[in-house]
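In listed order, ligands and their atoms are each counted from 1. Counting from 1, the numbers follow the sequence of the chain as shown.
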Amino acid sequence: MRTPVIAGNWKMFKTVAEATALVREMRRELDEIKGVEKVLCPPFTTLSAVADLVQKTGIKVGAQDMYWEDQGAFTGEVSPLMVKELCQYVIIGHSERRQYFGETDERVNRKVKAALKHGLIPIICVGENLAQNEAGQTEVFVSSQVRAALRDLTVEQVRGLVIAYEPIWAIGTGKPATGAGANRVIGLVVRGTVSDLFGEDTAQTVRIQYGGSVSPDNTSEFMNQPEIDGALVGGASLVGAKFLAIVRQAALSKGTHS
Ligand code: PGA
């Protein structure tokens, strides 16, 4: 049984004051929802405040990126040791970082290794853009991203990680994939590639999320799919009532609500 994981990617939203208000608003109810792992991924500047607020709850915290070196003269970067003090998770290779900040497959792989070395759980993002999708290149492209991200990892390392399949055309557009379509890519391409590389047993332990315009209205469509183990939520995670509704739906759909 894979425990579903719902992560809220706040992107570049929320000051410390705003983040504090949002966490206070949803903390108690979020903590009460069982059977689903809940992760908040605020910007670096609010990680410390959010981590403090969720102490003694079951809510986890994730960073949105990090560098791979432990320390050094790397102005503007944040190291795994710094992230580790505050977080259990770290998002790596989000399409916005690949698109706007020069993130490459090779850098993603270095960051994944650094995260695992320090006991952080990486949420590795993969997904094709609209042109690739329309040209029928989804399988080849997504598979190559998975292969690159997992290069040189051990079976033990792969078993614990999370992958998010986020088709770029669905992110922030209000046009999500269909449940069946996402399930197909996640099962055949993402899990299939992990299986090719590390064996089917290992592939069955990896949690694979869907991301891209997830909302309270479509959460159950995704969560009812057998290959989909959670969601990476952007816009809807900024609104307490919406994020709570999504986590509740996920708990109900996966039948682990208690
Ligand atoms: P969205 O973003 O839910 O706003 O589409 C998802 C993401 O980028 O992780």
Query raised in the report: At a non-hydrogen distance cut-off of under 4.0 Å, which region of Asn9 contacts ligand 1 (side chain, backbone, both, or neither)?
Result: side chain

Query raised in the report: Should Gly211 be listed as contacting ligand 1, given a heavy-atom distance under 4.0 Å as the test?
Result: no

**Report entry** Non-hydrogen atom of Ala236 closer than 4.0 Å to ligand 1
**Finding:** no

Requested in this report: Would you check if the side chain of Lys175 reaches a backbone N or O of Gly212 as a donor-acceptor pair within less than 3.5 Å?
Outcome: no

Requested in this report: Please check if any side-chain donor atom of Glu221 sits under 3.5 Å from a side-chain acceptor atom of Tyr210, or the reverse.
Outcome: no

Query raised in the report: With distance as the sole criterion, is a donor-acceptor pair present between the side chains of Glu200 and Ser195 under 3.5 Å?
Result: yes

Using atom types as modelled, flag every donor-acceptor pair under 3.5 Å from a side chain in residues 111-127 to any protein atom, sequence neighbours excluded.
unit_1: Lys111; atom_1: NZ; unit_2: Asp65; atom_2: OD1; d: 2.9
unit_1: Lys111; atom_1: NZ; unit_2: Asp65; atom_2: OD2; d: 3.4
unit_1: Lys111; atom_1: NZ; unit_2: Met66; atom_2: O; d: 3.3
unit_1: Lys111; atom_1: NZ; unit_2: Glu103; atom_2: OE1; d: 3.3
unit_1: Lys111; atom_1: NZ; unit_2: Glu103; atom_2: OE2; d: 2.8
unit_1: Lys113; atom_1: NZ; unit_2: Asn109; atom_2: OD1; d: 3.1
unit_1: His118; atom_1: NE2; unit_2: Asp70; atom_2: OD1; d: 2.9

Query raised in the report: Does any non-hydrogen side-chain atom of Phe141 lie less than 4.5 Å from one of Asn133?
Result: no

Protein heavy-atom partner closest to [atom] - residue, atom, separation in Å:
atom: atom 7 (C) of ligand 1; answer: Glu166 OE2, 3.1 Å
atom: atom 3 (O) of ligand 1; answer: Gly234 N, 2.8 Å
atom: atom 4 (O) of ligand 1; answer: Gly235 N, 2.8 Å

Query raised in the report: His94 heavy atoms, cut-off 4.0 Å: which ligand 1 atoms fall inside?
Result: 7 (C), 8 (O), 9 (O)

